[in-house]
*Asks:* 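My structure is below; once you've seen it, I'll send some questions.
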Amino acid sequence: MIILMMVDAPEEKRKFVILYEKYCCLMLKIAVDILNDNQLAEDAVQEAFVRVAKHMENIGQPEETATKRYLITIAKHAAIDIYRKRNRLRSQEIYMDELPQGQEPLAYMAPEEEFGVLDILTNMPPKYRDIFLLKYSAHLENAEIAEICGLREGTVRQRLARGKRLIENELQKLLS
């Protein structure tokens with residue numbers, strides 16, 4: 001239990017061990033229910049206990065209902081974090097056999113062209129660049145971008161369209 005080394009006081013170490021022995025199985029069950037994967041659930045429980053070790057001063061006695069709820073909440077949040085991370089990574093992966101029939105990737109970009117695209121993005125007006133990066137780099141929806149930037153959703157759509165046109169024009173200049 002390397003995590004135990006994060007706890008300083010001897011009485012807190014005893015309390016941590018009691019918490020681990022008493023609630024580990026319950027926390028694991030909660031994580032498995034969320035993740036449907038035993039190894040990921042074990043990772044979530046370990047992450048939860050790292051968080052517990054960092055905040056031992058906020059944890060009451062092991063027998064208290066509030067302590068049990070606190071540990072369940074931490075385990076649930078750790079499992080949800082792993083679930084979101086896993087889904088985010090999965091949604092970004094595209095395999096050749098998953099592409100619709102007859103559709104290949106648009107193009108391979110040579111490194112020198114890639115730097116040209118980065119220059120285009122860098123030199124775009126900030127009001128277009130920021131919206132464009134939020135959409136295509138951070139993978140946010142138009143409504144989320146509108147909320148973050150304090151704009152209407154229609155304005156976000158318009159700036160995305162204008163940003164795309166700017167990029168297309170600059171790419172044509174670059175490739176000609």
Side-chain angles (χ1 to χ4, degrees), residues 1-106 108-109 114 118 121 129-153 156-157 159-160:
M1 281 216 12
I2 296 174
I3 302 170
L4 192 56
M5 293 171 47
M6 295 173 63
V7 181
D8 295 328
E11 60 276 352
E12 286 188 349
K13 284 186 182 199
R14 278 193 295 277
K15 183 166 75 170
F16 183 87
V17 169
I18 292 169
L19 290 171
Y20 187 85
E21 290 173 351
K22 187 169 181 153
Y23 295 110
C24 182
C25 292
L26 175 63
M27 293 167 73
L28 185 62
K29 182 188 178 323
I30 290 166
V32 167
D33 288 346
I34 293 170
L35 295 166
N36 296 320
D37 183 313
N38 287 334
Q39 282 91 11
L40 289 175
E42 288 174 7
D43 290 346
V45 171
Q46 289 301 316
E47 177 60 32
F49 275 108
V50 167
R51 294 176 189 176
V52 167
K54 288 180 181 177
H55 302 286
M56 282 300 291
E57 68 278 355
N58 297 336
I59 298 174
Q61 295 304 312
E63 305 80 31
E64 294 177 3
T65 305
T67 301
K68 182 178 180 179
R69 279 191 225 138
Y70 184 73
L71 293 175
I72 288 171
T73 302
I74 290 175
K76 185 172 104 177
H77 287 206
I80 289 171
D81 289 346
I82 289 173
Y83 179 83
R84 286 179 180 154
K85 188 175 186 181
R86 181 179 68 175
N87 282 347
R88 194 174 322 125
L89 291 174
R90 226 185 246 157
S91 69
Q92 292 175 355
E93 295 174 354
I94 298 175
Y95 298 101
M96 291 295 289
D97 58 347
E98 293 176 352
L99 291 172
Q101 191 70 15
Q103 180 182 353
E104 281 104 36
L106 296 176
Y108 166 76
M109 189 175 295
E114 187 175 331
L118 290 176
L121 285 172
R129 181 184 59 229
D130 295 344
I131 302 286
F132 198 83
L133 290 175
L134 286 171
K135 177 73 174 182
Y136 297 106
S137 184
H139 306 288
L140 297 177
E141 297 295 324
N142 291 351
E144 294 172 305
I145 296 169
E147 186 177 325
I148 290 170
C149 296
L151 302 169
R152 292 187 313 219
E153 196 171 340
V156 170
R157 282 193 303 271
R159 287 187 183 176
L160 283 169

*Asks:* Begin from the C-alpha positions of L160 and N142 and carry the test side chain to side chain contact (heavy atoms under 4.5 Å, CB included) through to its verdict.
*Replies:* CA-CA 9 Å; L160 283 169; N142 291 351; 3.4 Å; yes
*Asks:* Could you give the distance from CD (E147) to CG (L140), rounded to the nearest 0.5 Å?
*Replies:*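 Between atom CD of E147 and atom CG of L140 there are 10.5 Å.
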*Asks:* Among D130, V156, L134, exactly one meets side chain to side chain contact (heavy atoms under 4.5 Å, CB included) together with C149. Which residue is that?
*Replies:*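 Of the listed residues D130, V156, L134, the side chain to side chain contact (heavy atoms under 4.5 Å, CB included) partner of C149 is L134.
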*Asks:* Would D81 and E47 satisfy side chain to side chain contact (heavy atoms under 4.5 Å, CB included), going step by step from the backbone distance to the final call?
*Replies:* CA-CA 10 Å; D81 289 346; E47 177 60 32; over 6 Å; no
*Asks:* Looking at A44 and L35, what are the two nearest heavy atoms and their distance?
*Replies:*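 Looking at all heavy atoms of both residues, the closest pair is CB-CD1, 4.1 Å.
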*Asks:* Please indicate whether K54 has more than 12 foreign heavy atoms, meaning atoms of other residues, nucleotides or ligands, lying under 6.0 Å from its NZ.
*Replies:*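 Counting neighbours around NZ of K54, 12 or fewer heavy atoms of other residues, nucleotides or ligands fall under 6.0 Å, so no.
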*Asks:* Search all heavy atoms of C24 against all heavy atoms of V45 and return the closest pair with its distance.
*Replies:*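 Looking at all heavy atoms of both residues, the shortest contact is SG-CG1, 4.2 Å.
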*Asks:* Under 6.0 Å from the CD atom of E141, do we count more than 12 heavy atoms belonging to anything else shown?
*Replies:*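 Counting neighbours around CD of E141, 12 or fewer heavy atoms of other residues, nucleotides or ligands fall under 6.0 Å, so no.
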*Asks:* From R14 CZ over to I18 CD1, what is the distance, rounded to the nearest 0.5 angstrom?
*Replies:*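 Taking CZ in R14 and CD1 in I18, the distance rounds to 8.0 Å.
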*Asks:* May I have all residue pairs that pass side chain to side chain donor-acceptor pair (under 3.5 Å) and include part of residues 30-44, sequence neighbours excluded?
*Replies:*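 Every pair satisfying side chain to side chain donor-acceptor pair (under 3.5 Å) with a residue in residues 30-44: K29-D33.
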*Asks:* Enter the distance from E57:CD to E12:CD here, rounded to the nearest 0.5 Å.
*Replies:*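 Answer for the CD-CD pair, E57 versus E12, is 7.0 Å.
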*Asks:* Which side-chain N or O atoms in residues 67-80 pair as donor and acceptor under 3.5 Å with protein atoms at least two apart or in another chain?
*Replies:*
from: T67; atom 1: OG1; to: Q61; atom 2: O; distance (Å): 2.8
from: T73; atom 1: OG1; to: R69; atom 2: O; distance (Å): 2.8

*Asks:* Of all heavy-atom pairs between P62 and Y23, which one has the smallest distance, and what is that distance?
*Replies:*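 Distance-wise, the nearest heavy atoms are O-OH, 2.5 Å.
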*Asks:* What's the spacing between K135 NZ and R157 CZ if we round to 0.5 Å?
*Replies:*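 Nearest 0.5 Å value for the NZ-CZ distance: 10.0 Å.
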*Asks:* How are the rings of Y20 and F49 set relative to one another: parallel (under 30°), tilted (30 to 60°) or perpendicular (over 60°)?
*Replies:*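 Ring orientation, 0 to 90° scale: tilted.
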*Asks:* Ion pair present between E11 and K15, side-chain N to carboxylate O less than 4.0 angstrom?
*Replies:*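 Here E11 does not pair with K15 in a salt bridge, since their nearest N and O are not under 4.0 Å apart.
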